[in-house]
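Notes for the one structure printed next.
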There are 2 protein chains.
Amino acid sequence: MQSIKSYINDNKDRFLSELIDLLKMPSISADSAYKADVLKTADAIKISLEKAGCDHVEICETEGYPIVYGEKIIDKNLPTILVYGHYDVQPPDPLDLWNSPPFDPIIQKTELHPEGAIFARGACDDKGQMYMHVKAMEYMTANNELPCNVKFMIEGEEEVGSVNLAKFVAKNREKLANDVILISDTGMIAPDVPSITTGLRGLSYVEVEVTGPNRDLHSGLYGGAVANPINVLTKMIASLHDENNHITIPGFYDKVEDLSDAERAEMAKAPFSLDAYKKSLDIDAVYGEAGYSTNERNSIRPTLDVNGIWGGYTGEGAKTVIASKAYAKISMRLVPNQEWEEITELFKTHFESIAPKGVTVKVTPHHGGQGYVTPIDSLGYKAASKAYEETFGKTPIPQRSGGSIPIVSLF
Amino acid sequence: MQSIKSYINDNKDRFLSELIDLLKMPSISADSAYKADVLKTADAIKISLEKAGCDHVEICETEGYPIVYGEKIIDKNLPTILVYGHYDVQPPDPLDLWNSPPFDPIIQKTELHPEGAIFARGACDDKGQMYMHVKAMEYMTANNELPCNVKFMIEGEEEVGSVNLAKFVAKNREKLANDVILISDTGMIAPDVPSITTGLRGLSYVEVEVTGPNRDLHSGLYGGAVANPINVLTKMIASLHDENNHITIPGFYDKVEDLSDAERAEMAKAPFSLDAYKKSLDIDAVYGEAGYSTNERNSIRPTLDVNGIWGGYTGEGAKTVIASKAYAKISMRLVPNQEWEEITELFKTHFESIAPKGVTVKVTPHHGGQGYVTPIDSLGYKAASKAYEETFGKTPIPQRSGGSIPIVSLF
């Protein structure tokens, strides 16, 4: 029997080259232009699960992109782990902020990664982490070390709200039955500060469209006399936060869980340097809801951010136009107890109500998901904590993350 | 000697086909991708001035696009008219709001144009009007009817601020000397309500850039904890107008000319139907500065409009990103006595001062121009008024337009 370390050393080049091939595939689920690439990536995942020793590997069709499933059942009396991951990635725009092409992976040493790290779209969300589990499986089956049953469920629509995964899960309760779900799709506090994510925020994502005049107008002839959809949109968005950066949507905070002072004091013990945080982002100040620390603002508090805005002339030079339409994509991060569908409805009602005369407003919900918090006295948490201790020599810190994995609450 | 009407009838097909050829040229001065097309258009203007009987036609190079000059001096004791026009056009974006391709001219009958009109980018700004003067010249020289000296100065940078025309005019005072300047680059009140534009607003056009974190961030991990440049930009833009739609930039209104009640009463006599105006734009209400009518808002009052805004993810679907940067193009229409360079400086100082901590702001002036009002008792105004009376059978109404032709004030 080969030790895990020597197995990694013997196979390192192959592992890297397989992962790099996977990262080269532009599996952008949000953009239908990449459909063929997303489907090709699902095929590649199927092959890698088979090579890792899974049985019954199949590409499960959905109304959207397929889910790749595989399993290894060694003993029905042993616990079963379900490994969840996703093979789709976010769009890489804006391309000019990449130091190297997003689908042309390179290995570079940086201050944060003195031993080198792979830079590519999807390298850490989520192809890299997912691949780590596939390779762990390969080692355990090759060396007959598997201590439990394992199921893999790798989807292709995480970045667009996992709509079809929910249906798939509902239809396949028996097949997916498990004791522990393992998800590696978040971050650690620092390379030398291991942490386990115990909570995630929920999400409501909407697109808004403001329409003014029925066509683009010359600003010299109409400027100041008709509602300019871009000016109106900026006013409407600006009004969604008050001077303390509280969100002004009526009812938005009604169900938000208030943490006790003791819980907040416990959270405040996590190592965090505000100076290092600001330095790493090149900002001279943080910004957020009054009365909360940076770590609270991005984990236990709900937020509202514009993720994209556009309208009018955005090319080179100047054009004196009043646009007929202006658009924005807006997402709200939610905390446990906030229902994402209810929040989406509250947003829609409020946003439509604040539109001034002279424009019409359309709110289109994109997708959403519930927040979730897991207990830290479970079998799964204890096993994970022990594994971290063996690897890092340190007990990992339980941590609530600000991000969202829409499917977690459903699981 | 042939009458003007029979000359038009005999040559109508040729006139139309020449104009359509000119409209097919995408002479977009704001976008350097069209450089060759803009230069080709200058060549075409030179040929048409020569054909119209001008002497000394030349393409005058500048640091930007050239100015086409031509003249016909018949008697130094007669008055000289300088005809100004421009051969460049605005960018046609967004393309999906055009019913036919912008550089593929079509003639269509509409409610407003029961006899048919040409639809193409530049048809009425300014190739159509400019061409009308060239053809009038052709008729007068062919029939020996020219009653005065004529000079043509047709530029290619009107849509980007006429920066090089100003230098050209300063260097060629003798060559351009004239008694009357004739510009057809505005509109009429209605096809059956002839009007002569006696005033134009000035312009200050700036681009703003708001930078937050040094890279795009995941909104789940950083949302609510750092300043989001798009949210900040919307707040900053929204604050530029107060609840009465007055502009909040300190000093902005200091030099604005206040019209007397009598002057405003005179203006209010121009025929205007608010219902027809709203209907033509498909809007249920107009919008603008409190205390002023629609016609006042777009002529005697200064305004501030966002002409373009962009930042973050603007593609299909959803991406939960916090953008590193957000941008807007903003123009201010100015009235007589407001100095555009001073207003640009006031804007810059104010906009930078309202940036919250956590972002940096850059304001880049694009171009500008002064407003101008001409007297209605001049030789030129009287001659124009008489020509309208003969053609329309009605005395034209003097009218202040909301648009800007940056060079007018310099002239």
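In what follows, chains carry the letters A, B, and so on, assigned in the order in which the sequence lines appear, proteins first and then strands, with residues in each chain numbered from 1.
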Flag the one option from [options] with the top tally of heavy-atom pairs under 4.5 Å to chain A.
options                        : answer
B:P91, B:S32, B:S331, B:P213   : B:P91
B:D216, B:T360, B:L233         : B:D216
B:V286, B:I283, B:D284, B:T314 : B:T314
B:S239, B:S280, B:P302, B:A323 : B:S280
B:G288, B:A326, B:G312, B:G358 : B:G358
B:T303, B:I330, B:N307         : B:N307

Just verifying a value: how many Å separate [X] [atom1] and [Y] [atom2], rounded to the nearest 0.5 Å?
X      : Y      : atom1 : atom2 : answer
B:N214 : A:L281 : CG    : CG    : 6.0 Å
A:K235 : B:K235 : NZ    : NZ    : 11.5 Å
B:I309 : A:I230 : CD1   : CD1   : 6.5 Å

Chain B heavy atoms under 4.5 Å from [X]: which part of the residue, side chain, backbone, both or neither?
X      : answer
A:P229 : neither
A:Y277 : side chain
A:Y205 : side chain
A:R333 : side chain

Select, from [options], the one with the greatest count of heavy-atom pairs under 4.5 Å involving chain B.
options                       : value
A:N298, A:V359, A:N231        : A:N231
A:N228, A:L200, A:T234        : A:T234
A:G224, A:S293, A:G212, A:S29 : A:G224

Open item on the list: Considering only residues two or more places apart or on different chains, which pairs with a residue in residues 310-325 of chain A satisfy salt bridge (charged side-chain N to carboxylate O under 4.0 Å, His left out)?
Closed with: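 Every pair satisfying salt bridge (charged side-chain N to carboxylate O under 4.0 Å, His left out) with a residue in residues 310-325 of chain A: A:E209-A:K325.
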Closest contact, heavy atoms only, B:A285 versus A:K357 =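 The answer is CB-CB, 3.5 Å.
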Minimal heavy-atom distance between B:A318 and A:A30, with the atoms involved, is O-CB, 4.0 Å
For the pair A:D93 (side chain) and B:G315 (backbone), establish whether a donor and an acceptor sit closer than 3.5 Å, ignoring hydrogens and angles.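 Flag not set: sc A:D93 to bb B:G315 has no pair under 3.5 Å.
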- Return yes if some donor-acceptor pair links the side-chain N/O of A:R201 with the main-chain N/O of B:G220 below 3.5 Å, else return no. yes
With a 4.5 angstrom heavy-atom cut-off, is it the side chain or the backbone of [X] that approaches chain A, or both, or neither?
X      : value
B:S324 : side chain
B:L304 : both
B:E289 : backbone

Does a donor on one side chain sit under 3.5 Å from an acceptor on the other, for B:T320 and A:E159? no
Do B:K329 and A:Y313 have side-chain heavy atoms sitting under 4.5 Å apart?
yes
